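Working notes, beginning with the structure itself.
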Number of protein chains: 2
Amino acid sequence: MDKPKLADVAERAGVSLTTVSRVLNNRGYIGDKTRKKVHAAMKELNYYPNEIARSLFIKKTYIVGVIFPTTNNPFYGQLIYHLENFCEALGYKVLLCNSGGREDKERAYLEMLQSHQVDGIIAGAHNRGIDIYQRSKMPIVGVDRYLADHIPIVSSDNYRGGVMATEHLIDRGCKHVLHINGQLSLETPANLRRNAYEETMKQKKMPYQTYETVGDYISRMFDENPKIDGVFASDDLIAARVIREANKRGMRVPENLKVIGYDGADMTRMLLPELTTIKQPIKEMAEEAVRLLMNQINEVENPTVANITLPVQLIQGKTT
Amino acid sequence: MDKPKLADVAERAGVSLTTVSRVLNNRGYIGDKTRKKVHAAMKELNYYPNEIARSLFIKKTYIVGVIFPTTNNPFYGQLIYHLENFCEALGYKVLLCNSGGREDKERAYLEMLQSHQVDGIIAGAHNRGIDIYQRSKMPIVGVDRYLADHIPIVSSDNYRGGVMATEHLIDRGCKHVLHINGQLSLETPANLRRNAYEETMKQKKMPYQTYETVGDYISRMFDENPKIDGVFASDDLIAARVIREANKRGMRVPENLKVIGYDGADMTRMLLPELTTIKQPIKEMAEEAVRLLMNQINEVENPTVANITLPVQLIQGKTT
DNA sequence: ATAAATATGTCAACCGGTTGACATATTTAT
DNA sequence: ATAAATATGTCAACCGGTTGACATATTTAT
């Protein structure tokens, strides 16, 4: 037996197609008894209206595509969680796309999302040079990521966070502060943290060096800098690795080495609460991203492209 | 200007609708020149075929609904990551549903997924008594969760894991081993870990007690058990809390107190590698779940309902 | 030279809903 | 008593594709 359709419900309830449609969409006049009959018929038949058919006609799917590298990460996992929650609250569903940092996957996902007629996209994937972002007129919001000139970005104050982290280590007495960051070539806003570190150090006339996360960068950093006494890691996972390596080398944190991370996601704070970190307002970032997207979806013309930058916060732990 | 449709492509390429459709679906005979013309027209118009319209006709969406409490958790974040990857590899998209442990949300999501005509559902949410699972004839797989008699379950060997964890603590010399687990009433397979703990202790004629994660259970556990020297926590997050509280109380881990967790998700192992834990094969669980789902989706009749139980592994850290 | 294969077209029905126009009957308000 | 509001129906077009039947023209194989 096939899935029941609107016509089956109408027959069962002894009313016309139009009447069932009216009940479903709450349009026009419907009598109480009729409404109940229709609902009863839907229940008896285990009927669920076909959203695909509806979407086709109304040209709206109430689906938002969400493209990020992975959910398997404290920061993205939390961000995606909140994105989904805010979307759900507004009646939108989320199509999850893990790009895994691969440009080909991101491109394929973007095409898929367009084909699937999503109402909008929230993206924070890694790759540049994807022209679809340029060409697309679809509502899009970037989270912590520049995608195209006309696409608004939600991020937290990466530069300020970088300054806070660096100054914090200096305030705590560090003389040789090193920084670890992703590859410069990725052109992410995380580079602002690096700029902030380097400019702050320069300004204080202290030596500085940034290690990029390639190869065995942590060992190399320790080997090349015997006097190291402070590390600003551009995310908490890296900070955890640094602490582990330091312990392995017999250095005590925070006595001999102070370490500050970045992100301050819920799961990190549960598992590693002693880590000093710069906390990004992840939930608020998700909220703003959804808000900006809905502005674009609902405003017919002229959605104001205003980038949003949210404040970060230093969480003092026991590693600095 | 509206989105281009098939007819626009046909006009642009100077061919018929049918020909464009043939190119799109690779059906029947198509000449090389025509194919190229059509592809050129699609590119020029920035055309993406409307999957919604296609889905309606072929009665297949290539969408899988994925219902779990949250992505904001090392275990689920990783599981969902792999689920998405395996689905993507097979040409299926993932609709993400975070039930947040709320029955009403789970129910609403299930209805939504049916309406959206998803081809199948993979669920590991918390609530029982949702009759939709019983009634539904849709392909469904439960991960670590009983949903209905006819729905296959993928899980890891929770009982064995519980035995391994308990015996490990005893082997390491613990005399007073306590267990922390979620509420029994949730009826999750994690209860098997509890059973394993209790039966193992009973068999060794050692005193045992399980604390459920309600209220200030950790403080209570320590207060009520001054001789406590071992804790088997039913997940790693709880284990992290236990270690923290122990340190706060001046107990040294593992000298005075040995702690073993459960799950061994990637992120936990990165942030807290020193934790001894029972590692679930999360990626393999995702793989099996997708495999079982595809079996149901593709087999017309008589999909064999075989539950899958995968082996767990003890990861020796420094907390035991 | 002829049949088969290849290439493309026209046409109409269909997927499962929504919507507007219009008709008709009944109930409610003044 | 009469107009307006309420309740329901019929009908047809539409959303943007797919598909099968059939026609016709050209190319390829024997």
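Quick caveat, the model's predicted, so the values are computed rather than measured. So you know, we letter chains A, B, ... as the sequences are listed, proteins then strands, and number each from 1.
Candidate nucleotides dG17(C), dG20(C), dC15(D) were compared by shortest atom distance to the side chain of K59(A), and dC15(D) ranks first. Among the nucleotides dG16(D), dG17(C), dT10(D), the one closest to any side-chain atom of N50(B) is dG16(D). Closest to the T18(A) side chain, of the nucleotides dT19(C), dG9(C), dC15(D), is dT19(C). Checked against dG17(D), dG16(D), dT18(C), the side chain of R54(B) finds its nearest nucleotide in dG17(D). Side-chain proximity of Y29(B) to the nucleotides dA7(C), dT19(C), dG17(D) is greatest for dA7(C). Distances from the side chain of N25(A) to the nucleotides dG17(C), dT18(C), dG20(D) place dT18(C) closest. When distances run from any side-chain atom of T34(A) to the nucleotides dA5(C), dT19(C), dA7(D), the shortest one goes to dA7(D).
L56(B) places its CG atom 13 Å from the P atom of dT19(D), with the value rounded to the nearest Å. Computed from coordinates, the D32(B) CG to dT6(C) C1' distance equals 12 Å when rounded to whole Å. Summarising the geometry, the separation between CZ on F57(B) and P on dG16(D) is reported as 17 Å, rounded to the nearest angstrom. Per the geometry, CG belonging to L17(B) stands 12 Å off P belonging to dG16(D), to the nearest Å. Following rounding to the nearest Å, I30(B) (CD1) and dT18(D) (P) show an atom-to-atom distance of 12 Å. Between the P atom of dA13(D) and the CD1 atom of I58(A) lies a distance of 23 Å, rounded to the nearest Å. Per the geometry, NZ belonging to K37(B) stands 13 Å off P belonging to dA7(C), to the nearest Å. Rounded to a whole Å, the CD atom of Q117(A) is 11 Å from the C1' atom of dC15(D).
Residues M138(B) and Q114(B) are in side-chain contact: their nearest non-hydrogen atoms beyond the backbone lie under 4.5 Å apart. Two residues are said to be in side-chain contact when any heavy atoms from C-beta on lie closer than 4.5 Å; Y47(B) and L24(B) meet this criterion.
Heavy-atom distances to DNA chain D give each of K33(A) and L24(B) a nearest nucleotide, and the one nearer the 5′ end belongs to K33(A). Heavy-atom nearest nucleotides on DNA chain C were determined for V15(B) and for A53(A), and the one closer to the 5' end corresponds to V15(B).
The side chain of R27(A) contributes an N or O atom lying less than 4.0 Å from OP1 or OP2 of dG20(C). An OP1 or OP2 oxygen of dG16(D) is reached within less than 4.0 angstrom by a side-chain nitrogen or oxygen of K5(B). Phosphate contact (OP1/OP2 of dG17(C), side-chain N/O of S21(A), threshold under 4.0 Å): absent. Contact annotation: Y48(B) does not reach the phosphate of dG17(D) (side-chain N/O to OP1 or OP2, under 4.0 Å).
For R22(A) against dG9(D), a side-chain-to-base donor-acceptor contact under 3.5 Å is present.
Under the Watson-Crick or G-U wobble criterion, with both distances below 3.5 Å, dG20(C) is paired with dC11(D). With a 3.5 Å ceiling on both atom-pair distances, the Watson-Crick or G-U wobble partner of dT27(D) is dA4(C).
With T34(A) contributing its side chain and I30(A) its backbone, the two residues share no donor-acceptor pair below 3.5 Å. Side-chain atoms of S55(B) come within 3.5 Å of backbone atoms of K60(B) as a donor-acceptor pair (strictly under, hydrogens ignored).
Between E103(B) and R107(B) a salt bridge is recorded (basic side-chain N to carboxylate O distance below 4.0 Å).
K105(B) forms no cation-pi arrangement with Y109(B), by the criterion of a distance under 6.0 Å to the ring centre and an angle within 45° of the ring axis.
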